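Within every chain, numbering begins at 1; the chains are lettered A, B, ... in the order of the sequence lines, protein sequences first and strands thereafter. Computed from a prediction, not measured in an experiment: that's the story for all the values here.
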Number of protein chains: 2
Amino acid sequence: MASKPSVAQFKAQAQVFKALAHPGRLLMVEELSRGERCVCELAALVGSEMPTVSRHLSQLKNAGIVDDDKRGAQVFYRLVTPCVMNFFQCVASVRRKQT
Amino acid sequence: MASKPSVAQFKAQAQVFKALAHPGRLLMVEELSRGERCVCELAALVGSEMPTVSRHLSQLKNAGIVDDDKRGAQVFYRLVTPCVMNFFQCVASVRRKQT
DNA sequence: GGATAACTTAGCCAATTGGCGAAGTCTGTC
DNA sequence: GACAGACTTCGCCAATTGGCTAAGTTATCC
């Protein structure tokens with residue numbers, strides 16, 4: 001049944017790649033690979049306003065890449081699919097081919 | 001030196017993900033994983049006009065994912081970094097977490 | 001050389017994305 | 001209850017993306 005993927009499947013897959021197709025979001029994902037972080041920490045990391053970062057995180061969450069956990073007044077995000085970290089090696093080799 | 005990736009590196013990485021962040025382009029990449037194809041074959045596959053497909057392919061080429069080879073009047077594209085195919089398994093597991 | 005076919009490039013338009021500040025929600029403190 | 005801090009949601013805007021048709025290139029066939 002995986003032999004002939006439907007258009008809907010490709011659309012859903014593209015959604016995941018789209019979530020990763022932003023330097024700030026990649027930076028956050030890498031940071032989250034080292035442990036959970038609250039929104040304000042990530043905002044300081046990428047140097048954007050909190051509303052902006054919050055929207056980026058909700059995109060990642062919507063794509064199924066991260067999950068959030070509200071504790072008190074803070075919201076902590078964590079990487080829920082660590083296998084995306086494997087992408088970076090391949091992407092690095094892709095970039096090596098760019099002239 | 002890979003311990004503290006720069007903003008420029010993340011931008012370049014995001015470019016690769018951006019190239020994959022489109023259902024039609026994913027479909028083409030998967031087709032190319034089974035062998036080289038000319039533009040007209042890919043156009044028929046995704047059901048778009050040839051100029052549209054040509055631009056998608058130049059995006060993939062620009063990202064370093066595919067390469068082209070002009071033979072006569074036709075241009076054949078092939079996957080130059082097959083490791084991107086490994087992404088699909090992980091992405092599938094990501095999607096499984098989407099509610 | 002003229003006609004056709006395969007692509008690419010250019011120009012145009014609608015739709016999406018990404019950033020911000022303002023406003024709203026929720027939690028803990030006084 | 002009033003207030004402050006952490007987030008999220010909401011408008012608004014500029015910039016990018018994605019599709020098409022039209023026009024330009026290059027190779028093949030006659």
Treat primed atoms plus P, OP1 and OP2 as sugar-phosphate and everything else as base, then score nucleotides 10-22 of chain D 5' to 3': B for base contact with protein heavy atoms under 4.0 Å, S for sugar-phosphate contact only, - for none. -------SBBBBB

How many whole angstroms separate atom CG of A/L57 from atom P of D/dT8?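 To the nearest whole Å, that distance equals 7 Å.
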
What is the distance, to the nearest angstrom, from the CG atom on A/L26 to the P atom on C/dG18?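 About 12 Å, once rounded to whole Å.
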
Please encode protein proximity along nucleotides 25-30 of chain C as a string of B, S and -, counting only heavy-atom distances under 4.0 Å. -SSS--

Suppose we screen for disulfide bond (SG atoms under 2.5 Å apart). Which residues come up paired with B/C38, at least two apart in sequence or across chains?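 In terms of disulfide bond (SG atoms under 2.5 Å apart), with neighbours along the sequence ignored, B/C38 is linked to no residue.
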
Partner of A/F17 under side chain to side chain contact (heavy atoms under 4.5 Å, CB included), chosen from B/V84, B/V16, B/V91: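 Exactly one candidate clears the test, B/V91.
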
How long is the straight-line distance from CZ of B/R78 back to CG of B/D68, given to the nearest 0.5 Å?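 The CZ atom of B/R78 is 9.0 Å from CG of B/D68, to the nearest 0.5 Å.
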
Output the rounded distance in Å from CZ (A/R37) to C1' (D/dA6).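 It works out to 18 Å between those atoms.
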
Is the closest side-chain heavy-atom distance between B/L60 and B/V29 below 4.5 Å?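 When only atoms from C-beta onward are counted, B/V29 and B/L60 do touch, with a gap below 4.5 Å.
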
Whole-Å distance between D/dT9 P and A/M50 CE?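 Distance, rounded to whole Å: 14 Å.
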
Would a distance-only check, ignoring hydrogens and angles, find a side-chain to backbone donor-acceptor pair under 3.5 Å from A/S33 to A/E30?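 Yes, because the side chain of A/S33 sits within donor-acceptor range (under 3.5 Å) of the backbone of A/E30.
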
Keeping B/R25 on the side-chain end and B/A19 on the backbone end, is there a donor-acceptor pair under 3.5 Å?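 It does hold such a pair.
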
d(CD, A/E41; P, D/dG5) in whole Å: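 Rounded to the whole Å, the gap is 18 Å.
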
For B/N62 and C/dT8, what is the distance between atoms CG and P respectively, to the nearest whole Å?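 Those two atoms, CG and P, are 13 Å apart.
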
Looking at side-chain heavy atoms only, is the closest gap between B/L32 and B/V66 below 4.5 Å?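 Of all side-chain heavy-atom pairs linking B/V66 with B/L32, at least one is under 4.5 Å.
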
Between D/dT25 (P) and B/D68 (CG): distance, integer Å: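 Rounded to the whole Å, the gap is 19 Å.
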
A/Y77 near the nucleic acid: base, sugar-phosphate alone, or nothing, with a heavy-atom cut-off under 4.0 Å?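 The residue A/Y77 makes sugar-phosphate contact but no base contact.
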
Output the distance between atom CD (B/Q13) and atom NE2 (A/H22), rounded to the nearest 0.5 Å.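 Rounded to the nearest 0.5 Å, the CD-NE2 separation comes out at 14.0 Å.
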
Are any non-hydrogen side-chain atoms of A/V53 and A/M28 less than 4.5 angstrom apart?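 Yes, their side chains come closer than 4.5 Å.
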
